[in-house]
Amino acid sequence: MALALLAGCAAGPETLRLRQETVSVELSNTPFFAQERYQCGPAALATVLVSSGVSVTPEALVSEVYIPEREGSLQSEMIAAARRHGRVPFRLDGHVESVLAELYAGRPVLVFQNLGLNRLPVWHYAVTVGHDADRGEFVMRSGTEPRHIESDKDWLARWDRAGRWTVVVVRPDELPVSASAESWLAAVAPFESLGQLDIARTAYDTASQRWPGNALVWAALGNVHYALGEQSEAAKAYARSIDIDPSASLVRNNYAQTLAELGCTERAQQELATAAVGANPSQLTLLHSTRADIAALSTSARCPFRP
Amino acid sequence: MNKIKAIVASVAVSAMLTAVLPTPALAAVVSTEQMMSQGASTQDRAAVDTFLARADVRDQLQAWGVAPSVVEQRVASLSDQELQELSLKIQEQPAGGDVIAVIGIVFLVLLILELVGVTNVFTSI
């Protein structure tokens, strides 16, 4: 018991790491919207969206993320609303260094906090806009306070008790500092599925410039071109993906379908045959159904690629 | 009897799917989201799951007072994965709001903790 209390008072490894930071940052230009009762979700979301150049008000976001009977907003609806406003909602990993990196890059960070205890949670959204390395404090836009200060230790504890949920919203042509190809694609893929194709295309394009050696990035770019009806562009992107990773059966499946629509039926069948090698049973089912689709396809297109 | 029920159910589901789902969901090209979840195997099943999850989430949001005029649009912007997660445990999902709603004993406990400096509920709303 005594040990536990002692541990509770001592600074954890992350607080110690924060104490070694020497660079301070404060994004003073970040707007502030005082929250209405219960409505920290719309206020915090508006703060990061407006910072990213979106024209929106907390009032307008109430009907998008607020749930009257819950007197609050769900995390997934905050994410979905950012997408509706054309910004990629990117979840940071749980490292405090990733939060600092975004602040240094000029991006305010939306954080979820538990101001109460694990057993008596009081959930709250706020926006972290700065870190004072000398004083060991975070600066936030929170609730009705335009410049709320929290010590490193408190900030970490409240963030930790809320599962370290942290989001930055970015334009599709910029990348968060800590993004990897996989985490960026995961944040962008819902745009493709939900039909916001222009945003998906820009975001995949951004990824292909940053990670040109990643097979999945090119496959994703192929998918969005295909969805936009740009088969030639799609075929090129799929080919590049397959060059990097010849074993991806699903990419070959998409490539085959695209080739067939371009009039390259023979090459399409070859791709399907190659894809079947090493495919698992469920992928084989898909490949069979694509083969049937291709056989039934009647196209007058003339294959633009050499046999 | 069960067999008949199963047939009726499957017919009903197919009818719903044909009526509501956009056809591309069942097209030959696998989406990036499916590639990343490795779920391309059972596209049809995934489409049914998503369809049912969407209905669950829509009903719950409406029951919680979200206006019918906006609920459809809200649910339509959730990804498949978000829908599945929400439909499984929307009740337990935390909703960030503020603390005016904190009542009774909870209020007292938090107030004491606040006074001894453990929490920061009443200064940061």
Side-chain angles (χ1 to χ4, degrees), chain A residues 35 37-41 63-64 67-77 79-81 83-84 112 115-117 120-126 142-145 148 150 154 158 162 185-186 189-190 192-194 216 219-220 223 226-227 250 253-254 257-258 280 282-283 285-286 289-290 293, chain B residues 22 24-43 57 60-61 63-67 69-70 73-83 85-86 90 93-102 105-106 109-110 113-114 117-125:
Chain A
Q35 79 168 75
R37 196 170 173 190
Y38 308 135
Q39 298 177 349
C40 64
S63 68
E64 297 190 36
I67 302 176
E69 305 256 316
R70 292 290 305 268
E71 294 175 343
S73 302
L74 301 176
Q75 290 150 299
S76 30
E77 286 217 285
I79 297 264
R83 277 199 296 262
R84 270 201 299 275
F112 198 45
L115 304 178
L117 303 165
L120 291 173
V122 177
W123 305 111
H124 183 63
Y125 293 102
S142 179
T144 53
E145 287 184 73
H148 172 72
E150 271 180 24
D154 287 351
R158 285 165 197 146
L185 289 180
E192 176 195 320
S193 310
L194 297 169
L216 192 54
N223 288 342
Y226 178 85
L250 295 180
N253 171 77
N254 290 4
Q257 176 71 28
T258 309
N280 65 35
S282 51
Q283 290 171 340
T285 314
L286 174 79
S289 108
T290 306
D293 284 359
Chain B
L26 304 172
V29 163
V30 182
S31 77
T32 307
E33 212 174 354
Q34 290 166 329
M35 280 181 177
M36 295 192 82
S37 68
Q38 303 292 322
S41 51
T42 50
Q43 283 190 89
V57 175
Q60 183 60 70
L61 287 179
W64 278 338
V66 173
S69 56
V70 294
Q73 194 203 357
R74 275 168 71 155
V75 174
S77 8
L78 292 164
S79 72
D80 290 2
Q81 202 192 337
E82 287 154 3
L83 277 170
E85 276 175 24
L86 274 184
I90 193 165
Q93 294 278 323
D98 72 7
V99 297
I100 318 288
V102 181
I105 188 79
V106 177
V109 172
L110 287 176
L113 291 169
E114 178 85 7
V118 176
T119 60
N120 180 31
V121 176
F122 301 101
T123 48
S124 73
I125 48 168

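So that the names make sense, note that chain A is the first sequence line, chain B the second, and so on, each numbered from 1.
B:Q73 touches chain A through backbone and side chain together, each having a heavy atom under 4.5 Å away. Contact annotation for B:L78: both backbone and side-chain heavy atoms come within less than 4.5 Å of a heavy atom of chain A. When heavy atoms are compared at a cutoff of 4.5 Å, A:I67 approaches chain B by way of both its backbone and its side chain. The contact between B:V70 and chain A is made entirely by side chain atoms (from C-beta outward), counting heavy-atom distances below 4.5 Å. Looking at A:R70, both its backbone and its side chain come within 4.5 Å of chain B, counting heavy atoms on both sides.
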Pair B:V75-B:L83, side-chain contact (heavy atoms from CB on, under 4.5 Å): steps then yes or no: CA-CA 8 Å; B:V75 174; B:L83 277 170; 4.0 Å; yes

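Contacts with chain B were tallied for A:A80, A:S73, A:S193; A:S73 has the most, counting heavy-atom pairs under 4.5 Å. With chain B as the partner, the residue from A:G41, A:A186, A:A81 showing the most heavy-atom pairs under 4.5 Å is A:A186. Contacts with chain B were tallied for A:A189, A:A162, A:A126, A:S289; A:A189 has the most, counting heavy-atom pairs under 4.5 Å.
With values rounded to the nearest 0.5 angstrom, B:S31 atom OG is found 7.5 Å from B:D80 atom CG.
Between B:L86 and B:Q60, the closest side-chain pair of non-hydrogen atoms is not below 4.5 Å. At a threshold of 4.5 Å between non-hydrogen side-chain atoms, the residues A:E77 and B:L61 count as touching.
Ring-plane geometry between A:W123 and A:F112 is classed as parallel, the angle between the planes falling under 30 degrees on a 0 to 90 degree scale with a further cut at 60.
In this structure, B:Q81 places its CD atom where only 12 or fewer heavy-atom neighbours from other residues, nucleotides or ligands lie under 6.0 Å away.
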